[in-house]
Amino acid sequence: SRELFKDAFERINSNFGEVFRVLFGGGHAEMKLMEDEDVLEAGIEISAQPPGKKLHMLLALSGGEKALTAIALLFAIFQYKPSPFCLMDEVDAPLDETNTDRFIKLLEAYSVRTQFILITHNVKTMQAASTLYGITMQERGVSKVVSVKLAEAVAV
Amino acid sequence: SRELFKDAFERINSNFGEVFRVLFGGGHAEMKLMEDEDVLEAGIEISAQPPGKKLHMLLALSGGEKALTAIALLFAIFQYKPSPFCLMDEVDAPLDETNTDRFIKLLEAYSVRTQFILITHNVKTMQAASTLYGITMQERGVSKVVSVKLAEAVAV
Amino acid sequence: LSLNRLELVGFKSFCDKTELIFSPGITGIVGPNGCGKSNVSDCIAWVLGEQSAKSLRGEKMEDIIFSGTEKRGPLGMAQVALTLKTGLTDQKELVVGRRLFRDGESQYFLNGSPCRLRDIQDVIFDTGMGTKSYFLIEQGRIGQILQAKPTDRRLLIEEAA
Amino acid sequence: LSLNRLELVGFKSFCDKTELIFSPGITGIVGPNGCGKSNVSDCIAWVLGEQSAKSLRGEKMEDIIFSGTEKRGPLGMAQVALTLKTGLTDQKELVVGRRLFRDGESQYFLNGSPCRLRDIQDVIFDTGMGTKSYFLIEQGRIGQILQAKPTDRRLLIEEAA
Ligand SMILES: Nc1ncnc2c1ncn2[C@@H]1O[C@H](COP(=O)(O)OP(=O)(O)OP(=O)(O)O)[C@@H](O)[C@H]1O
Ligand SMILES: Nc1ncnc2c1ncn2[C@@H]1O[C@H](COP(=O)(O)OP(=O)(O)OP(=O)(O)O)[C@@H](O)[C@H]1O
Ligand SMILES: [Mg+2]
Ligand SMILES: [Mg+2]
């Protein structure tokens, strides 16, 4: 199990750096096992450095940079071991237009092996979906599901 | 000071109900002093009930409903005692189109007595600003401020 | 494995029988604030065995049962069924079900017949879905993965190993 | 009272001298992720006396000084000045200033002359600005007002009374 963990850690770590560079258009990200502990117990430190910037603590990243880094880690794990499905509730809310586009491209690439369910208010993300469900409360307090075409959803 | 607090509490509470109804188009919201404690020590409970729905705990409100309720409380306090200025960093991120419009109308009404500085990615909120500053990092890692016209900002 | 269908009745704001069909690729869920989108996410977490009422934004588990509106009375039961397609070529169907009554009685189902929570957990494990933090990112939680304690982050990697 | 001008140099990602002029009504700040918008909000909190490095998203206070990029070296000092217009018809100017050196030495200014933190806090109190939680809503914090403990919510009302 020690071997298994180390192998998973190394491969996810190299995926993490790769996906991070794709999402940020450069830069560097990695996980580190905390030195002083045994491999089977050690916690994981994460460092993320957007392109052209100095390395700061994770805390100093912006709201959008934090969300994008967390997405990179999640997809790095999926690359090692795809999850059959994944539901994401408004993960695109902190992202600007450019980063939303990059996120969607990544999503489309991974949606071959993973089924994604995306809750969103963002029109660009709606456009990436092959099926779109609208939830309405015409009767106040009672949710109903309707299948919508993109044009209707955008009007919401 | 007991009298002063009680007077502030009553007036802010009635404002809170009013502003909540404006932002949600109905419903009911109020603050309650926790019964068992002395007026000078008691904590404050908040209850918020969107129109047509049963009263649930605050925890069960949706992301957008929570943000809108918090905005209602903030403006209720401003109505009692306006703050000379207020900076809001992406408070509109969880809001849908309809609630963003209601938030902006409220902002415009309060901006007579309070100067607002709004950090946002939302085009509708940008349109409500009389002055618009763009921050760019043409040189990676170095922030510069440029004054932008609305048309340019929308392209970001 | 793939998600095929979600059927719910009496779960939070979904008072009437509701069905969502999922197809491969990306499915979007849209709608105004407070209309019930995150309730769908809570519903999937619940039918797959979630035991904490707090992580479903309630105080006690009965809070997930439709509690009524101005015009409708509360219901006495919530029921959800999630149909998964498993096996190499997705030809085997697996239906995971859960039901809760207002008096607190709770039942789990696999392909229509009653089972224990443990059976549901075993099935999920066999399908390779992993823990919730791996396949379900709740609203406002995307930054949490980074803010988690180093030992919690380790769990995420161990899960995958 | 109204905000008139913010001048900053060496504060976080604002390496070069930067100025923002504020007018009455609504001022918008826009830009891509990571460009420095929230750093402006941190800057206003700092010049008005913020003492916690953590609430400025750093570990120690020196973390607010420009730490360099690939092409530029780190700076040794951060300096901010906020000009407020006070008095009935806004004709009196009040300039609040703060400076921090990398060795930890920190200075406060009022209208150009050195003062103590206490003096800044007194001035802010007199202008009716109240505490930070009242006039500065940080990113992702709007929901916190509701999630705060009942006694903390009380502080918000007491502040106004
Ligand atoms: N047991 C219940 N019975 C009836 N309604 C409920 C129940 N539990 C929660 N609700 C309602 O569900 C609503 C919240 O729905 P949800 O969180 O899914 O909204 P949402 O579509 O995600 O909105 P947002 O875009 O703001 O995040 C609340 O207004 C609440 O009143
Ligand atoms: N001391 C410092 N020196 C140089 N750069 C810094 C310093 N402290 C923070 N930064 C940089 O500032 C950036 C964060 O900026 P900020 O949080 O203001 O972004 P933002 O415009 O609010 O973005 P978002 O839209 O994603 O919220 C980080 O990328 C970080 O590298
Ligand atoms: Mg939601
Ligand atoms: Mg920000």
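What you are looking at is a predicted structure, and each value in this text was computed from that prediction instead of being measured. Below, read A as the first sequence line, B as the second, and so on, with proteins coming before strands; counting in each chain starts at 1.
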What do the steps show when you test C:Leu1 against A:Gln115 for side chain to side chain contact (heavy atoms under 4.5 Å, CB included), and what is the final call? CA-CA 9 Å; C:Leu1 176 105; A:Gln115 220 175 343; over 6 Å; no
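- Within the 4.5 Å cutoff, the side chain of A:Val145 has heavy atoms near those of the C:Phe14 side chain.
- One finds the CZ atom of A:Phe116 at 12.0 Å from the CG atom of C:Leu3 (value rounded to the nearest 0.5 Å).
- In this structure, A:Met88 CE and C:Ile137 CD1 are separated by 5.5 Å, a value rounded to the nearest 0.5 Å.
- If you measure heavy-atom distances from C:Ser23 to chain A, the contacts under 4.5 Å come from both the backbone and the side chain.
- Using a 4.5 Å cut-off between heavy atoms, C:Arg141 does not touch chain A at all.
- At a 4.5 Å heavy-atom cutoff, the contact between C:Ile44 and chain A is made by side-chain atoms alone.
- The contact between C:Phe22 and chain A is made by backbone and side chain atoms together, counting heavy-atom distances below 4.5 Å.
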Run the side chain to side chain contact (heavy atoms under 4.5 Å, CB included) test on C:Cys35 and A:Thr136 for me, step by step, so that the C-alpha distance in whole Å, both residues' side-chain angles and the decisive distance to 0.1 Å come before the verdict. CA-CA 6 Å; C:Cys35 71; A:Thr136 67; 6.0 Å; no
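- Judged by a 6.0 Å distance limit and a 45° cone about the ring axis, C:Arg154 is not positioned over the six-membered ring of A:Phe9.
- Interatomic distance, A:Lys66 NZ to C:Gln144 CD, rounded to the nearest 0.5 Å: 10.5 Å.
- Taking all atoms of both residues into account, the shortest heavy-atom contact from A:His121 to C:Gly31 is CE1-O, 3.3 Å.
- Ranking A:Thr120, A:Leu4, A:Thr69 against chain C, the residue ahead of the rest is A:Thr120, based on heavy-atom pairs under 4.5 Å.
- Taking C:Gly25, C:Cys15, C:Ala148 one by one and counting their heavy-atom pairs under 4.5 Å with chain A, the maximum is reached by C:Gly25.
- Using a 4.5 Å cut-off between heavy atoms, A:Ile46 touches chain C through backbone and side chain atoms alike.
- The closest side-chain donor-acceptor pair between C:Ser41 and A:Asp89, if any, does not fall under 3.5 angstrom.
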How far apart are the C-alpha atoms of A:Lys144 and C:Asp16, what are their side-chain angles, what is the distance that settles it, and do they pass the side chain to side chain contact (heavy atoms under 4.5 Å, CB included) test? CA-CA 8 Å; A:Lys144 288 253 179 276; C:Asp16 300 332; 2.6 Å; yes
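- In terms of heavy-atom pairs under 4.5 Å with chain C, the best-connected choice from A:Gly134, A:Ala8, A:Ala129 is A:Ala129.
- Between the OG1 atom of C:Thr27 and the CD1 atom of A:Ile117 there is a distance of 6.0 Å, given to the nearest 0.5 Å.
- In terms of heavy-atom pairs under 4.5 Å with chain A, the best-connected choice from C:Asn33, C:Leu20, C:Thr151, C:Thr18 is C:Leu20.
- Both the backbone and the side chain of A:Ile119 come within less than 4.5 Å of a heavy atom in chain C.
- Put simply, the side chain of A:Glu108 reaches to within 4.5 Å of the side chain of C:Ile26, judged on heavy atoms.
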I would like to know whether A:Phe5 and C:Ile157 meet side chain to side chain contact (heavy atoms under 4.5 Å, CB included); could you show each step before the answer? CA-CA 8 Å; A:Phe5 178 79; C:Ile157 308 294; 3.9 Å; yes
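- The minimum heavy-atom distance linking A:Ile135 with C:Lys37 is given by the pair CD1-CA, 4.0 Å.
- In this structure, CZ in A:Phe85 is found 8.5 Å from OG1 in C:Thr127, a value given to the nearest 0.5 Å.
- Heavy atoms of C:Ser13 lying under 4.5 Å from chain A belong to its backbone as well as its side chain.
- With a 4.5 angstrom heavy-atom cutoff, C:Gln139 touches chain A via backbone and side-chain atoms both.
- Separating the CD1 atom in C:Ile145 from the CD1 atom in A:Ile77 is a distance of 7.0 Å, to the nearest 0.5 Å.
- The environment of C:Glu105 atom CD is dense: over 12 non-hydrogen atoms of other residues, nucleotides or ligands sit within 6.0 angstrom.
- Interface residue A:Ile71: backbone and side-chain heavy atoms are both found under 4.5 Å from chain C.
- Both the backbone and the side chain of A:Glu45 come within less than 4.5 Å of a heavy atom of chain C.
- Environment of CZ in C:Arg118: sparse, with no more than 12 heavy atoms of neighbouring residues, nucleotides or ligands closer than 6.0 Å.
- Only the side chain of C:Gln147 comes within less than 4.5 Å of a heavy atom in chain A; its backbone stays farther off.
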